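A short worksheet on the structure shown next.
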Amino acid sequence: MKQHRVKPGAKVDLSQIDPGSTPGFKGKRKEADERLLKLNERLEVLQESLWAEHKHKVLVVLQGTDTSGKDGTISHVFEGVNPLGVRVAAFKAPTPEELDHDFLWRVHLKVPCKGEIVIFNRSHYEDVLVARVMELVPPEVWRQRYDQINDFERLLSATDTVILKFFLYISKDEQRKRLQERLDDPQKRWKFRKGDLLDRAHWDEYIKAYEDALARTSQKHAPWYVVPADKKWYRNLVVAEILVKALEDLKIKTPEPEEDLKGVVVV
Ligand code: AMP
Ligand code: MG
């Protein structure tokens, strides 16, 4: 899974990555499903321990274009975890109140507290993506934000937050198929906005903005992973593997029970 990690300071060229590829997985699709099931179960136990230990905080950032599978990743990777101690924060276009503050204000309000896992569905990275591509702020404003984001994430990391950032990378053609599916399926149509087509028309500029964001903000304590995401099963597997590994690395200890429980019998 290491191969997906963006090395701090390295240039990122997304044209070198095939969104339809499944590197590191040669087995059958069925094996991937079985593996994900095992990871789901492991995550359930780890999350419960994390919550019990009440020490570390975990922040999972999901970024990607429309239809890249941010919602799907949340439902499949976190299937079975106890909602107690897990939260999703979705970031839409800022409200007037949010715009009256600095861009990290609304984000800081949503970061995980001790024992919690928080999943960001979009994030402060929109402020160097859509804000840049759609020219919502002048270049001198978004250009400063990479350093500001790095400082912010350094603060979170120094205060016991594990940060994992995933760019769900789909191809332009896969997006066409998925957007069309949304339009055609009455159950999914609510997710479609005409604005999605405008974003799509700026595809190449978004890719460039992503390359810069990934290159400038992948840190040892807050790495970016580029996840080839045309195949949903592979996307889920990669995110689950990396998350479970990061939680295992914390060597979480559930709290010691009260002393002198030996011989205590419940009648
Ligand atoms: P969705 O995630 O598809 O529900 O859409 C959320 C929309 O909010 C996307 O079009 C994002 O580009 C937009 N959005 C999120 N954060 C920001 C931001 N900081 N500035 C402007 N637009 C944003
Ligand atoms: Mg959308």
Side-chain angles (χ1 to χ4, degrees), residues 59-78 87-111 118-153 156 165-172 174-214 216-217 224 227 229-230 232 235 239:
L59 175 61
V60 176
V61 172
L62 296 180
Q63 277 292 158
T65 56
D66 276 306
T67 75
S68 59
K70 299 180 290 294
D71 295 348
T73 303
I74 296 170
S75 53
H76 288 96
V77 172
F78 291 87
R87 221 168 10 105
V88 178
F91 293 93
K92 310 274 180 192
T95 63
E97 189 194 13
E98 288 168 348
L99 283 173
D100 280 350
H101 292 81
D102 70 82
F103 78 103
L104 290 170
W105 176 74
R106 66 174 185 161
V107 181
H108 210 162
L109 288 175
K110 301 285 183 181
V111 299
V118 171
I119 307 142
F120 278 1
N121 183 339
R122 302 188 190 265
S123 64
H124 42 306
Y125 285 95
E126 291 293 326
D127 296 287
V128 289
L129 295 164
V130 65
R132 165 178 170 173
V133 172
M134 295 306 185
E135 299 179 2
L136 306 181
V137 294
E140 58 273 23
V141 171
W142 61 255
R143 278 201 197 109
Q144 294 182 44
R145 288 180 172 170
Y146 302 102
D147 289 341
Q148 291 163 344
I149 287 173
N150 286 334
D151 287 344
F152 172 61
E153 292 182 357
L156 297 183
K165 303 179 291 196
F166 298 98
F167 169 46
L168 309 181
Y169 182 34
I170 57 167
S171 62
K172 197 174 177 189
E174 182 66 20
Q175 191 194 48
R176 184 188 54 73
K177 284 185 210 149
R178 291 186 189 183
L179 282 174
Q180 190 62 51
E181 264 170 43
R182 276 189 184 173
L183 272 173
D184 297 344
D185 182 348
Q187 187 65 30
K188 289 185 180 171
R189 207 170 287 151
W190 67 274
K191 277 195 176 189
F192 188 93
R193 292 176 312 114
K194 279 192 191 147
D196 296 349
L197 297 179
L198 187 64
D199 278 339
R200 180 171 165 77
H202 290 272
W203 183 272
D204 293 344
E205 290 153 76
Y206 270 107
I207 292 296
K208 176 85 188 73
Y210 266 108
E211 287 175 339
D212 286 348
L214 297 167
R216 296 203 53 186
T217 61
W224 270 109
V227 183
D230 276 3
K232 295 174 181 173
R235 170 201 78 200
V239 174

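Both ligands and their constituent atoms are indexed starting at 1 by order of listing. As a basis for the values below, the full set of heavy atoms in this structure was taken, side chains included, without hydrogen atoms, waters or symmetry mates. The shown structure was predicted, so the numbers you read here are calculated from the model rather than taken from an experiment.
Near L136, with a cut-off below 4.0 Å to any heavy atom, the atoms of ligand 1 are 21 (C). The P94 neighbourhood of ligand 1 comprises atoms 17 (C), 18 (C), 19 (N), 20 (N), 21 (C), with distances under 4.0 Å to a heavy atom of that residue. Atoms of ligand 1 lying under 4.0 Å from at least one heavy atom of D127, given by number and element, are 19 (N). Applying the 4.0 Å criterion to heavy atoms of D66 picks out, from ligand 1, the atoms 3 (O). Shown in contact with F91 at under 4.0 Å from a heavy atom are these atoms of ligand 1, numbered in order with element: 15 (C), 16 (N).
Inter-residue side-chain proximity for I149 and F103 is flagged as met; some heavy-atom pair is nearer than 4.5 Å.
Atom OD1 is the N, O or S atom of D66 at the shortest distance from the Mg ion (ligand 2).
In this structure a side-chain-to-backbone donor-acceptor pair under 3.5 Å is missing from D199 to T65.
At least one heavy atom of R106 sits closer than 4.0 Å to an atom of ligand 1. Heavy-atom separations between A131 and ligand 1 are all 4.0 Å or longer. Distances shorter than 4.0 angstrom occur between a heavy atom of R193 and an atom of ligand 1.
Among the candidates E174, Q175, Q180, the single residue satisfying the side-chain contact (heavy atoms from CB on, under 4.5 Å) test with R178 is E174. Among Y125, F166, Y169, the one residue that satisfies the ring-ring contact (aromatic ring centres under 6.0 Å, His included) test with W224 is Y125. For the side chain to side chain donor-acceptor pair (under 3.5 Å) criterion with H124, the lone passing option out of Q63, E153, R145, K110 is E153.
Where the criterion is an N or O separation shorter than 3.5 Å, residue side chain and backbone included, V130 fails it with respect to ligand 1. Inclusion of R122 in the set of residues having an N or O under 3.5 Å from an N or O of ligand 1 is warranted.
Ion pairing of R122 with D66 is present here, as a side-chain N (NZ or NE/NH1/NH2) and a carboxylate O approach within less than 4.0 Å. Taking 4.0 Å as the cut-off between side-chain N and carboxylate O, D212 and K208 count as a salt-bridged pair.
When the options H124, M134, K92, E126 are ranked by their closest heavy atom to atom 11 (C) of ligand 1, first place goes to E126.
Ring orientation note: the planes of Y210 and F167 are close to parallel, at an angle under 30° on the 30°/60° scale.
Annotation: atom 23 (C) of ligand 1 to nearest protein heavy atom, A93 CA, 3.5 Å.
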Please walk me through it: do Y206 and M134 pass side chain to side chain contact (heavy atoms under 4.5 Å, CB included)? CA-CA 10 Å; Y206 270 107; M134 295 306 185; 4.0 Å; yes
